[in-house]
Amino acid sequence: MAGALKGRVIGVAVLLVWGILKLPIETELTAQLQHERLGKYKITASLRQQAGQAGFIAVLGGLRAPVADLLFIRAHIAWQQHVEYGRMKLYFDICTALQPRREMFWDMAAWHMAYNGAAYIEQTEKDKYIRDRQMKEYYKVGEDYLLRAVENCPDSWSLYDRLGSLYREKFHDPCKAAAAFARAAERPNRLDYTRRLAAIYLADCPGHEKEAYDKLLALYKESEKEWVPSLLEKIQILERKLGIPKEERVYIPEKHRLLPD
Amino acid sequence: MTANSPSAAAHASAHKLFSLGRAAAIAGNTLRDLVRQKVFYFMLVFALVLIGMSLVLAALSFQGQLQMVMNMSLGAMSVFTMLLAVLASAMMLPKDIEDRTLYTILAKPVSRFEYLLGKLAGVALMLLIATLLMTVFFCIVLWFWQGREIASIRGSVQSELVDAEVAKVMAGTFTPTLFGGIGVIFLRAVVCSALTLMVSSFATSWLFTVIISLMLILIGHIVPIARSAWMDPIQAGVDVPWYLSLFLRLITVFAPDMQLFNIVDDIAVGTHVASGIFGQVTALGCGYITIYVLVAYLFFAWREL
């Protein structure tokens, strides 16, 4: 009996020593994982409310990703069957909190809110004042998702691309759109059109005409592949706006030439 | 032949205090016993979960189904291996005591440490086979969904983007990181098994062992929160009274940090995990296993049977 007690005491002491020794190792590793942007999510009271009892326990049990997926499916069902944007936002909030590195969650959340949600209000709300105000709120929700998205997924060119499109199409802000496309163009694996769009939208940004012209000209000189109608059109507009002499203007193929001043 | 005869002395000196062979023999028998108990039938359940999930996802049409299949499958693997580890380890000692096998084994020149190590190795082998079988099935399902995703991209995405999107899907599916993540799932299961073995070494019933082990694993998932609330209450934004602080310290010190083994959640998203992190997680897992086996031995060495 004394032997058994001795064994237990030594056993607990070993566990205690190990527990103290592992502490700095685990703290360091946790910090390293957070630095690598892994395991960035936090368990909060709102998570408990939104994921429900079972979902919360599942998250605690290490099933964060599947719970996030199931909530995403529920958000999809809320859209497809009931058109409940408030409920969808709750689900998207929790999905993105659980899996902040999942680009698709941010992308879909922003798209549903800024495009589908706003379109739904446009079709259903009769009062113009309320309609405009609510549509702007939906755009802001979409923007907020995308801003948090690029913060959590800084290497994603496509999220910056979506943000650029949102600024262009819903906020009608070419300056912000150009900035977002420029950030997209700096990200790895981005598609070439992001550079072009950054320059094209910058052309519409007051005070940035010269900068936009230089960028457009650089693209024009880079390859004939870049000679798309919108780029050629912007070059001609800027040449006129900046008062560039005719002999210094670039060659524009006949079919893309604008009418003379 | 008396005990003092030269051949008896030679025989005694030939008996090693620890023999890997003896531990391996116990491991082999443990594995055989687990196979006889039809533990691999759970594969049917795993297969049904994956097929059922695929059918549900096929019925709902939206983006990201491939990643969803990956998440769900890895989640299912994680749960199945953890449950297998806890249940198989919890019943080992009580079953051997009930069947009187334990007395037969320990009556032979087998130390209690060899017995425990052999038992853990047997369960670890079973978990390895189970993980490999699940990985094969998972890869087949994933390959099918990859094909579906690529076909869907080719049919819907504008031509300029097709190659980039297809390349993204191809590069993000069967990655070395994914298989590293599956390795971490296996390691996590072995840690759970060693933890259960430790609890079982002083417990008197397998039900107690299962409940306590599962509770410890569950608590292990909130260790990072407990640690930050204890070590940095200002940043954690909580005002911790002394008794709660003591409780948080106990959790942090005595429970394993299971969140560190959950990197697979981020792997499914396509996040690249550096090999150094895998190395550190593996080293920590091995540390846990070693300590739990050692403590299990200390609890079991003097236990009256």
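- Taking A:Val9, A:Leu15, A:Val14 one by one and counting their heavy-atom pairs under 4.5 Å with chain B, the maximum is reached by A:Leu15.
- For A:Arg102 and A:Asp69, the salt-bridge test passes: some basic side-chain N is under 4.0 Å from an acidic carboxylate O.
- Here B:Ile291 is the residue among B:Ile291, B:Val223, B:Leu294, B:Leu250 with the most heavy-atom pairs under 4.5 Å with chain A.
- A salt bridge links B:Asp257 with B:Arg227: the distance from a Lys NZ or Arg NE/NH1/NH2 to an Asp or Glu carboxylate oxygen falls below 4.0 Å.
- Within 6.0 Å of CG on A:Asp144 lie more than 12 heavy atoms contributed by other residues, nucleotides or ligands.
- Only the side chain of B:Tyr292 comes within contact range of chain A, with heavy atoms under 4.5 Å apart.
- Contact tally against chain A (heavy-atom pairs below 4.5 Å) for B:Thr252, B:Val281, B:Leu298: the top residue is B:Leu298.
- Closest of all the heavy-atom pairs between A:Lys225 and A:Arg196 is O-NH1, 4.4 Å.
- In this structure, chain A has no heavy atom under 4.5 Å from any part of B:Leu214.
- Both the backbone and the side chain of A:Leu70 come within less than 4.5 Å of a heavy atom of chain B.
- Contact of the A:Met104 side chain with the A:Phe72 side chain is registered, since non-hydrogen atoms from C-beta on lie closer than 4.5 Å.
- Remark: aromatic rings of A:Trp111 and A:Tyr145 are distant, center separation not under 6.0 Å.
- Within the 4.5 angstrom heavy-atom criterion, no atom of B:Ala283 approaches chain A.
- The parts of B:Phe202 that come within reach of chain A are both its backbone and its side chain, each placing non-hydrogen atoms under 4.5 angstrom from that chain.
- For A:Leu16, the parts lying near chain B are the backbone and the side chain together; criterion is any non-hydrogen pair under 4.5 Å.
- Electrostatic pairing of A:Arg195 and A:Glu226 counts as a salt bridge here, judged by a charged N lying under 4.0 Å from a carboxylate O.
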